[in-house]
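Presented below is the structure to which this report refers.
A note on names: the letters A, B, ... follow the listed sequences, proteins ahead of strands, and every chain is numbered from 1.
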Number of protein chains: 2
Amino acid sequence: MTTATSPRALEHPTRDQIRLEAVLHALADPVRLRIVRDMARERAELSCSYFDLPVTKSTTTHHFRVLREGGVIRQTYRGTAKLNALREDDLEALFPGLLVTVLAAADAQATREDAAGARADR
Amino acid sequence: MTTATSPRALEHPTRDQIRLEAVLHALADPVRLRIVRDMARERAELSCSYFDLPVTKSTTTHHFRVLREGGVIRQTYRGTAKLNALREDDLEALFPGLLVTVLAAADAQATREDAAGARADR
DNA sequence: ACGCTAGTACGGTAACCATCGTAGTACGGC
DNA sequence: GCCGTACTACGATGGTTACCGTACTAGCGT
């Protein structure tokens, strides 16, 4: 056992251990980018099961771990659920504006794709 | 043969084919990030041989191709050399502020690492 | 105690990627 | 025409990744 909130401990990089390359790599996957976008939209701690992803549960676990180990999210146990939160403060301190800009870029791309899809549907 | 400047043609994604995930993936590698930083600093078209990278020439070719196919750089032949230019305009149009923010983040991280190195040297 | 729900751990697979060396092509200068 | 420089193509290799299924653990409610 470790300390307070829950017996199970989760490895997180400290703020100064977060590497830009790892953050970019974490965000470079479509599934993970979608997770991060969802977390940014709902501005609350979300459990893993909140997300409706096109992969199995074990793959989901994998993606959340990549995000956590890259320093993008913080995960804490809360009973049987695992709550996920964006590390906005740490990322903002290290790489000002990065997260916001990437999220805006993702939104812009999604909007363009929606428009293209609507055009194709006609 | 193809058209104007040179016989050899190089595949580039058009602006609307550029995908955020591919851009982030291209920037997520230390060698490629360094290339992009160098290109942003010297604001001119640089030949591949300008860069003094810790990898062999064939690996260098590989990295430049990833950057080109991701839509981050534009490459044109000029005689025996190959000139590389950042696609700042296209990236800015698609993902406003992204390139600048990533470059600033890379600078910030480099500064922190220099400081850490100086501290360790004492 | 039992079962339900949430998530993990493990083992495997196929694809991808960074890296290299060697051999080759394109162009410019002599 | 020949040589050097710049870069490419190809093939190999080892490491990483995305994905899955199955079996497991942790906590909650009854």
Side-chain angles (χ1 to χ4, degrees), chain A residues 1-12 19 21-36 39 45-70 72-85, chain B residues 1-12 19 21-36 39 45-70 72-85:
Chain A
M1 100 215 57
T2 30
T3 27
T5 16
S6 199
R8 285 177 284 178
L10 257 348
E11 297 242 331
H12 288 84
R19 304 237 56 217
E21 290 87 342
V23 172
L24 293 177
H25 172 247
L27 298 176
D29 180 277
V31 176
R32 291 193 292 262
L33 187 55
R34 172 165 161 184
I35 292 173
V36 171
M39 292 208 299
E45 307 218 334
L46 299 172
S47 71
C48 295
S49 52
Y50 168 86
F51 303 88
D52 185 30
L53 301 172
V55 292
T56 64
K57 255 197 310 178
S58 42
T59 305
T60 301
T61 300
H62 160 70
H63 284 306
F64 273 104
R65 183 172 30 189
V66 173
L67 287 170
R68 170 167 48 84
E69 292 178 349
V72 179
I73 65 172
R74 192 172 289 282
Q75 299 189 291
T76 47
Y77 283 109
R78 174 95 154 249
T80 157
K82 193 181 193 173
L83 296 185
N84 301 280
Chain B
M1 99 221 55
T2 30
T3 27
T5 16
S6 199
R8 285 177 284 177
L10 257 348
E11 297 242 331
H12 288 84
R19 304 238 48 212
E21 290 87 343
V23 172
L24 293 177
H25 172 246
L27 297 176
D29 180 277
V31 176
R32 291 193 291 261
L33 188 54
R34 175 166 159 183
I35 291 174
V36 172
M39 292 209 299
E45 307 218 334
L46 299 171
S47 70
C48 294
S49 53
Y50 168 87
F51 302 88
D52 184 31
L53 300 172
V55 292
T56 64
K57 260 200 301 183
S58 42
T59 305
T60 301
T61 300
H62 160 71
H63 284 307
F64 275 103
R65 182 172 32 191
V66 173
L67 287 170
R68 169 167 48 85
E69 292 178 349
V72 180
I73 66 171
R74 191 172 291 281
Q75 298 189 291
T76 47
Y77 283 108
R78 174 94 155 252
T80 155
K82 193 182 195 174
L83 296 186
N84 301 280

Please list, pair by pair, any protein nitrogen or oxygen found under 3.5 Å from a nitrogen or oxygen in nucleotides 16-18 of chain C.
unit_1 : atom_1 : unit_2  : atom_2 : d
C:dA18 : OP1    : B:Arg32 : NH1    : 3.1
C:dA18 : OP1    : B:Arg32 : NH2    : 2.8
C:dA18 : OP2    : B:His62 : NE2    : 2.7

Exercise for the section: Check every atom of D:dC20, C:dG7, D:dC7 against the side chain of B:Tyr77 and return the nucleotide holding the closest atom. Expected result: D:dC7

Handout entry: Residues forming a side-chain hydrogen bond (donor to acceptor under 3.5 Å, both in side chains) with A:Thr56, sequence neighbours excluded
Key = A:Ser58, A:Thr59

Handout entry: side-chain hydrogen bond (donor to acceptor under 3.5 Å, both in side chains) partners of B:Glu69, counting only residues at least two apart
Key = none

Practice task
Take the protein atom CZ of A:Arg65 and the nucleotide atom C1' of D:dT17, then report the distance between them rounded to whole Å.
Solution key: 11 Å

Problem - For A:Arg19, all residues meeting side-chain hydrogen bond (donor to acceptor under 3.5 Å, both in side chains), sequence neighbours excluded - result: B:Glu113

Problem - Sugar-phosphate, base or nothing in reach of A:Ser49, heavy atoms under 4.0 Å - result: sugar-phosphate

Handout entry: Set of residues satisfying side-chain contact (heavy atoms from CB on, under 4.5 Å) with respect to A:Arg68, sequence neighbours excluded
Key = A:Leu10, A:Glu11, A:His12, A:Arg65, A:Ile73, A:Gln75

Fill in the blank from the handout: Between the OG1 atom in B:Thr60 and the CZ atom in B:Phe51, the distance rounded to the nearest 0.5 Å is 10.0 Å

Handout entry: Atom-to-atom span, CG of B:Leu46 to P of D:dA6 - whole angstrom
Key = 14 Å

Ignoring hydrogens and angles, write down the donor-acceptor pairs under 3.5 Å from the side chains of residues 24-33 of chain B, residues two or more places apart or on other chains.
unit_1  : atom_1 : unit_2  : atom_2 : d
B:Asp29 : OD1    : B:Val31 : N      : 2.8
B:Asp29 : OD1    : B:Arg32 : N      : 3.2
B:Arg32 : NE     : B:Ala26 : O      : 2.8
B:Arg32 : NH1    : B:His63 : ND1    : 3.1
B:Arg32 : NH2    : B:His25 : O      : 3.3

Practice task
Describe the nucleic acid contact of A:Thr60 in one word from base, sugar-phosphate, nothing, applying a heavy-atom distance below 4.0 Å.
Solution key: nothing

Would you list the protein and nucleotides 28-30 of chain C atom pairs, both N or O, that sit under 3.5 Å from each other?
none

